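Report on the following structure.
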Amino acid sequence: MRRRSNRSKRKKTKRRCSKKRSPWLRRWLIKIGLLSCLILAGYTVYLDYVVQREFSGKRWAVPARVYGRPLELYPGAALTTDQLLGELKRLGYSSVRYPRQAGSYSRNGGRFLVHTRPFVFWDGKAPGQILDLQFSAQQITSLKTVSGKGVGLARLDAPPVGSIYPAHNEDRVLVQRSELPDRLVQALIAVEDRSFYRHFGVDAKAIARAMWANLRARSVVQGGSTLTQQLVKNFFLTRERSLWRKANEAVMALLLERRYQKDEILEAYANEIYLGQDGERAIHGFGLASHFYFKRPLHELDLPRLALLVALVRGPSYYDPRRHPERAKKRRKLVLNIMRDQGLITHKEAKYAAAAPLGVTGAKGGRTVRFPAFMDLVRRQLHRDYREEDLNSEGLRIFTTLDPWVQQQAEKALAAQLAQLDSGRDKLESAAVIASSQSGEVLAVLGGRTPGFAGFNRALDAVRPIGSLVKPAVYLAALMQPERYNLLSPLEDEPLSVKSRNGDVWTPKNYDNRAHGSVPLHQALAHSYNMATVRLGMSVGLDQVASRLQDLGLRRPLKVYPSILLGAISLTPLEVAQLYQTLAASGFYSPLRTIREVLTTEGEPLQRYPLTVKQAVPADAVYLVNQVLQEAVRSGTGRALANYIPPQMNLAGKTGTTDDLRDSWFAGFSGDKVAVVWIGRDDNRPAGLSGSTGALRVWGKIMQHIQPMALDLLPPESIEVVWIDPVSSLRADAHCRGAIQVPYIRGFSPNERAPCLSKSNGSVFRDLLEAFWDE
Amino acid sequence: MNRFAVIGLTLLPVFLTGCIESAYRAGAPVTDRDHASIPPLPETRSAQSPKKQPRPSRAADNQEVQIAIYTPPPRFKAKPVTSAAVSNLVQRAAEQKNRGDMTGAAATLERALRIEPRNAHLWNQLAQVRLAQRQYGQAEDLASKSNALAAADRDLRRDNWLLIAKARRSVGNLSGATLAQNQANRSR
């Protein structure tokens, strides 16, 4: 008050003086004064605006969280203890003596007690419960609650696999004020801002105290900033240390306090505070930090872990518990001691907590995104329906089809096999896609040989000629004309020249440079004979082959040249997987999907991506093609698979090799999974591998590791299986020597009887049956 | 001729069942032994490499391949056809459907299909849900899918054909519906 009156007196005297001396100087001084006042006021208004914008806008920008498939548990499930342990680890469950708390488990040999977390799924909230699981021989043999009640089916919480955050790489797991553990808040206030609930944004006493402490210690041991000031500092992320910034910070802190409640500020602080760095991703907020350091939600943390989070506030990189565990431990002890001195915890608790291990998970140098290639596909599929800003700010929960176990097994298998295949200095590259064959759910995507490397995603973006992988489409086109072709139709595997429209002459050769003469159709496909295939394709018609490719799911525009018959079509591994999915699913096309459901941040269902099927090609012709693809694995170009998979699994598959061994492909399927592997080089130089010497080995190793179901092809109604005399390809019966069973599309099996049948050894039944067929 | 035809038609189901079952019989025993005796190839040998692979004579090749291929593969049943887990879900889906919660029922059936992707009954039930939702095209495709996996289950096949007939009728495809109806009658 007094100061102000002094100032006004001074002004008056000034005015009087200036009146005498020069009126224009006085006027100018007033103008400058007014202008600075205006600027200052304007600036304050601007700061106020910035504070509000930051506070109400940025506070709610929560990236979409992406989950993998939840692991289903049920008696009879083919699941190993290793698989379960892997999943529990992924979910951050802790191993304890008795799982009293959600998110923990105990193990005794083949028996597990798992205390599941409550989790909001698409179809409702699943409560946490203690499950009693018993394993033997790689499957769950019994599943009960601890009270002994049988459980038919249960699932673990869905594993988080990443989030979709904006370009400035900020990630966040939002926590509300009510979700902040009391001890965390107490520790935070005790250590960082003791008078938080009393000050107006700036605490002069604290500044003085900090200066004194720092002077005594001759280094910066304490900061005088209030939580409000720290929050403001975090909003603007400048590392600049200047008085100007400090002043700005103080003004903004005051403005913030004037506009918002303490609890709102505390909540914003808890979500905004910078607590670590994960590659390019900044770790903001206690919610995310809890997942980042301990792989579990904040409310599951015990005292030592909470204290560690508070310890990190002062310097996340200096006290990084993964890189500097000793520093982190020392700082945590300080936090615990302050809590003890304030009477927040007992001496015993402090002592016990200070001695506890840091408890951080071992993801040292953790990757920004663990499954970048898969996430890339998720993003692309999401972008068809969502705007980028909704994805990185609305906190959506996205449930995907990723099976992290399959993904990891595939990564391991691919890395191991490529290391063996590498020769010389140049490293091979590779990509793979694995999907469920009947539903089109993508289980794993490998974008390159280095897992977790978010570079060129070859599975989605490497467009390469597919070579012989195209052949099943050629034979499918033929077998869909059952009046002309069946599995035993003779094909000429002899040299030929094909003249294209522009006059070029194309002379396809076989891989082994030999002609095989007249061969039955199935053999030409199983052994991948080029000349027989081109002859067949030309006679069936290129347009027919092209149409079949489109039916199978090809969406890329296709230039119809004769050379497409041998795979002069460039596709990505993902596109090839789609073609083979349709084959694997008996001709039923299901678009390859990565997303099952999208939930709002509150857990309300927003959108479902249902399973759809479309009968794209007739099941009977596909059945015949698949029979031959099984033959290819049993005795044709894919027979080296026997080194990896027992023959009784009856897997179906096809090799693909392109000119000069540039691309090595293998595509195939089991009863439940379809997989495609490509090997080659990014600069398109020869890789020196054929389909069977390269990609097949990776494919086999992957399948070996992911428990494929046997492929048990079921003949559709319109397939009849008849006895055939292999010498004459005519109708025989079980009594004919050497007769074999051959599937035909009903109504198109040979009527003419083989010589062995003319010796009358037939039965009345057979004659009756034949009378029927003849009609 | 007439008498023959009558006998033939009455005995038809018996024969057809016989036919279908014969497809699953052990088949020619010779080939089974052949198959079992093939030693696994060493990993280093290329299946396509002409240098390393000795070529058998053409005739022998033909014979061997033809015989090896059409042996019905030994049946390998890794999982029960319907597990307790799946019947649990089927029951839940039925409840959801009765309540009118079709989206929920579909989601539950999809969950069951993840556990047993080749269970034809589940595909049939999903088709029923889509039919109830008047998604006729999808209902028809799902029923066809069920048929492709139904094998010798005639009741299920009939049910699927009836569903297809209904779906086709609903979109005004009367001739298609008649065809489906005939198929259903044939499966009786």
Side-chain angles (χ1 to χ4, degrees), chain A residues 72 74-76 78 122-123 152-153 436 438-439 511-513 516-517 519-520 522-523 526 586 588 608 610-615 619 631 634-635 637-640 642-643 648-650 655 671-672 690 692-693 697 709-710 712 714-717 720-721 726 739-742 765 768-769 771-772, chain B residues 4-5 7-8 11-12 15 19 22-23 27-28 30-31 35 40-43 45-50 58 62-70 72-76 78-80 83-85 88-89 103-104 106-108 110 113-115 117-118 126 138 141-142 144-145 147-149 151 157:
Chain A
E72 301 273 10
Y74 52 93
W122 160 268
D123 48 2
L153 178 64
S436 89
Q438 301 300 319
S439 67
Y511 186 81
D512 60 2
N513 270 319
H516 303 91
V519 291
H522 70 85
Q523 192 187 336
S586 325
F588 289 86
R608 234 179 81 71
L611 162 64
T612 60
V613 297
K614 194 180 106 206
Q615 180 147 30
E631 179 190 354
R634 195 160 50 235
S635 56
T637 51
R639 65 185 183 280
N643 294 310
Q648 64 266 31
M649 298 296 286
N650 288 312
T655 50
D672 58 341
S690 71
S692 60
T693 56
R697 298 187 188 186
M709 251 162 85
D712 190 5
L714 295 167
E717 259 173 319
E720 56 173 332
V721 182
I740 52 171
Q741 289 186 305
V742 181
F765 281 145
L768 267 174
L769 199 59
F772 174 73
Chain B
F4 261 115
I7 297 173
L11 288 178
L12 181 65
F15 293 141
C19 270
S22 73
V30 190
T31 53
H35 187 214
L41 296 166
E43 199 176 324
R45 192 194 287 177
S46 148
Q48 289 184 334
S49 161
R58 192 178 294 166
N62 282 359
Q63 197 103 347
E64 175 202 290
V65 171
Q66 280 187 22
I67 291 172
I69 178 185
Y70 293 119
R75 309 267 290 170
F76 189 90
K79 286 180 184 179
S83 60
N88 238 321
L89 291 171
T103 312
T108 306
E110 281 183 32
L113 276 168
R114 278 179 213 122
I115 296 173
R118 294 167 72 86
L126 191 53
Q138 199 43 227
D141 280 324
L142 287 163
S144 306
K145 172 91 189 174
N147 264 343
L149 296 166
R157 283 191 165 174

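FYI, side chains are in, hydrogens and waters are out, and symmetry mates aren't considered; it's all heavy atoms of this structure. Treat the numbers as computed from the prediction; the structure is a model and nothing was measured. Chain letters run A, B, ... following the sequence lines, proteins first and then strands; every chain starts at 1.
Interface remark: A:Pro610 contributes backbone and side-chain atoms alike to the contact with chain B (heavy atom separation under 4.5 Å). Both the backbone and the side chain of A:Thr612 come within less than 4.5 Å of a heavy atom of chain B. Heavy atoms closer than 4.5 Å to chain B are found in both the backbone and the side chain of A:Gln615. Looking at B:Leu113, only its side chain comes within 4.5 Å of chain A, counting heavy atoms on both sides.
Between B:Pro117 and B:Leu149, the closest heavy-atom pair is O-CD1, 4.0 Å. Between B:Arg157 and B:Asn147, the closest heavy-atom pair is CA-OD1, 3.2 Å.
Residues passing the side chain to side chain contact (heavy atoms under 4.5 Å, CB included) test with A:Ser586 are A:Phe588, B:Ala148, sequence neighbours excluded. Applying the salt bridge (charged side-chain N to carboxylate O under 4.0 Å, His left out) test to A:Arg608 and every residue at least two apart in sequence or in another chain returns A:Glu597, B:Glu110.
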